[in-house]
Peer 1: 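Let me give you the structure first, and then I'll get to my questions.
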Amino acid sequence: MEVVERVYSGVDVAVQHGLYEFLRRDFGVEVVSTPATKGLPFVDSPTPTVLSASLYLVVIVGGLLWITVGDLKPRAKEPGWLQALVLVHNLFCFALSLYMCVGIIYQAIVHGYSVWGNAYYPHHREIIMVLKRSTRQITFLHVYHHASISVIWWAIAHEVPGGDVYFSAALNAGVHVFMYGYYFLAALLRSKPKLRAKYLFWGRYLTQFQMFQFMLNLIHAYIIIKMKMPMPQYLVKTEFYYMISLLCLFGNFYFRKYIKSSKGDKIE
Ligand SMILES: CC(C)(COP(=O)(O)OP(=O)(O)OC[C@H]1O[C@@H](n2cnc3c(N)ncnc32)[C@H](O)[C@@H]1OP(=O)(O)O)[C@@H](O)C(=O)NCCC(=O)NCCSC(=O)CC(=O)O
């Protein structure tokens, strides 16, 4: 019997199961399925991602204990090494986000994707906050988001590494270009509050942009569910509820930072 190897995603298996049976029965062709992302580091098994997310939680909880037990106050003046680390970190993340955003959009164009409605088929082939002792920034929102998002994206890379997932990946990378640009400027102008207020007035618009992205992802997930598009339903439903949770948390953040606070934006 002829053996043909095909890469697959969870979607593909469901869609093409009948075809594989037909090939086996009528043509004597055995199709061997291989995940599209097989062999990629961190994708085959969830263990490295779950371990990294757990390590992240251990470092955050350990860091909070270190700050609390030692009764450490936020640093009035940061040591030079910490300033340099924050600047290099933000610059690196800024460049990486830009590379990812442009790269994903480029691939989407090359594969003739439309904005939405692209099913995946196999042929398409903080530590910073702890060091700064900035307990103000170590919020439930921040820790929940960073501990969970890596596991969610592991599942996406494993199950559907293509199709419409390009959209939220490109959008999020684009948002992160601005976010790390913002953090870079905030760190650079730390001792110059007037300049910081002048050049970082757009912080609130950045938060709105983040919430707009969650809203778009929510609408997108809703459409996929309603149109019964060939995507693993548990992943789309996870996206749907995850976006609702982020909208609530960011709504609360926005209200407390920009509306309720009598001082207004912290950077002023
Ligand atoms: C404007 C925001 C981007 C950030 O709001 P913040 O209140 O955290 O920002 P801020 O104005 O206090 O930021 C200035 C302070 O951050 C410090 N800072 C600099 N670089 C940093 C870094 N890489 N990580 C954390 N803090 C950093 C600066 O030195 C400065 O400290 P000092 O004041 O001591 O001088 C907001 O929209 C936001 O995202 N808020 C949610 C909080 C959060 O955790 N966001 C990031 C992950 S969520 C995410 O990523 C969602 C998404 O996908 O879009």
Side-chain angles (χ1 to χ4, degrees), residues 56-57 59-64 66-68 70-102 126-150 168-215 246-268:
Y56 167 78
L57 286 175
V59 170
I60 292 293
V61 172
L64 278 175
W66 170 62
I67 295 170
T68 316
D71 196 22
L72 303 175
K73 303 282 172 261
R75 303 168 190 271
K77 181 155 172 35
E78 288 173 356
W81 66 266
L82 183 52
Q83 286 176 5
L85 177 73
V86 173
L87 290 177
V88 170
H89 169 82
N90 287 330
L91 210 55
F92 174 76
C93 292
F94 174 87
L96 183 65
S97 303
L98 190 62
Y99 169 75
M100 285 168 64
C101 182
V102 173
E126 275 115 288
I127 306 309
I128 295 283
M129 291 172 178
V130 171
L131 289 176
K132 283 168 66 63
R133 302 175 194 165
S134 184
T135 43
R136 169 185 71 81
Q137 287 179 300
I138 307 175
T139 54
F140 175 74
L141 178 164
H142 189 86
V143 179
Y144 159 75
H145 178 52
H146 287 100
S148 55
I149 197 69
S150 50
S168 66
L171 183 61
N172 191 249
V175 167
H176 279 72
V177 171
F178 291 99
M179 198 180 89
Y180 284 110
Y182 174 91
Y183 275 142
F184 179 81
L185 282 179
L188 194 67
L189 303 174
R190 184 164 202 259
S191 53
K192 300 181 179 66
K194 281 198 176 141
L195 283 182
R196 203 157 135 168
K198 185 173 170 194
Y199 291 111
L200 289 182
F201 69 92
W202 49 281
R204 68 165 56 219
Y205 303 115
L206 175 55
T207 313
Q208 289 171 11
F209 185 28
Q210 288 168 301
M211 293 171 73
F212 177 64
Q213 120 186 264
F214 303 141
M215 202 63 189
L246 287 185
L247 272 171
C248 292
L249 290 169
F250 268 79
N252 176 48
F253 171 87
Y254 190 90
F255 178 74
R256 292 197 301 124
K257 179 163 181 173
Y258 304 114
I259 299 176
K260 192 175 153 211
S261 164
S262 53
K263 281 188 275 173
D265 195 326
K266 189 197 140 290
I267 61 171
E268 285 169 9

Peer 1: Provide the closest heavy-atom pair for Y182 versus G203 in the form atom of the first, atom of the second, distance.
Peer 2: CE1-CA, 3.5 Å
Peer 1: Would you compute the distance between atom CZ of R204 and atom CD1 of I259 and round it to the nearest 0.5 angstrom?
Peer 2: 7.5 Å
Peer 1: For residues 90-101, pull every pair meeting side-chain hydrogen bond (donor to acceptor under 3.5 Å, both in side chains), keeping only residues two or more places apart or in separate chains.
Peer 2: none
Peer 1: Considering all heavy atoms of both residues, which atom of A147 and which atom of L57 are nearest to each other, and what is their separation?
Peer 2: CB-CD2, 3.9 Å
Peer 1: Could you pull out all residues at least two apart from Y254 that satisfy ring-ring contact (aromatic ring centres under 6.0 Å, His included)?
Peer 2: Y258
Peer 1: Looking at CE of M211 and CG of L206, how far apart are the two atoms once the value is rounded to the nearest 0.5 Å?
Peer 2: 12.0 Å
Peer 1: Going from NZ on K73 to OG1 on T135, what distance comes out if it is rounded to the nearest 0.5 angstrom?
Peer 2: 9.0 Å
Peer 1: Quick one: pull up CG in N252 and CG in L247 and give me the separation to the nearest 0.5 Å.
Peer 2: 12.5 Å
Peer 1: Tell me every residue that passes side-chain hydrogen bond (donor to acceptor under 3.5 Å, both in side chains) with E78, counting only those two or more places apart in sequence or in another chain.
Peer 2: K132, R190
Peer 1: Nearest 0.5 Å, what's the OG1-CZ distance between T207 and F250?
Peer 2: 7.5 Å
Peer 1: Rounded to the nearest 0.5 Å, what separates atom CZ in R133 from atom CD1 in I67?
Peer 2: 7.5 Å
Peer 1: Between A173 and M100, what is the shortest heavy-atom contact and its length?
Peer 2: CB-CB, 3.9 Å
Peer 1: Can you sort out the partners of F94 under ring-ring contact (aromatic ring centres under 6.0 Å, His included), two or more places apart, ordered by chain and number?
Peer 2: none
Peer 1: Between H89 (side chain) and L85 (backbone), is there a donor-acceptor pair under 3.5 Å?
Peer 2: no
Peer 1: In chain order, what residues pass the salt bridge (Lys or Arg N to Asp or Glu O under 4.0 Å) check against K194, with sequence neighbours excluded?
Peer 2: none
Peer 1: Do V175 and F212 have side chains that get closer than 4.5 Å, going by heavy atoms?
Peer 2: no
Peer 1: Looking at I60 and V143, what are the two nearest heavy atoms and their distance?
Peer 2: CG2-CG2, 3.8 Å
Peer 1: Quick one: does H176's side chain have a donor or acceptor within less than 3.5 Å of a partner on N172's backbone?
Peer 2: yes
Peer 1: What class does the angle between the rings of Y56 and H146 fall in, given that below 30° is parallel, 30 to 60° is tilted and above 60° is perpendicular?
Peer 2: tilted
Peer 1: Parallel, tilted or perpendicular: which fits the ring planes of Y205 and F201, with parallel below 30° and perpendicular above 60°?
Peer 2: perpendicular
Peer 1: Do Y199 and L189 have side chains that approach each other closer than 4.5 Å (heavy atoms only, starting at C-beta)?
Peer 2: yes
Peer 1: Looking at every heavy atom in both R136 and T139, which two are closest together, and how far apart are they?
Peer 2: O-CG2, 3.4 Å
Peer 1: Within the supplied structure, the quantity of interest is the number of heavy atoms (other residues, nucleotides, ligands) at a distance under 6.0 Å from F178 CZ; does it exceed 12?
Peer 2: no
Peer 1: According to salt bridge (Lys or Arg N to Asp or Glu O under 4.0 Å), who are the partners of R75, at least two apart in sequence or on a separate chain?
Peer 2: none
Peer 1: Do Y183 and V86 have side chains that get closer than 4.5 Å, going by heavy atoms?
Peer 2: no
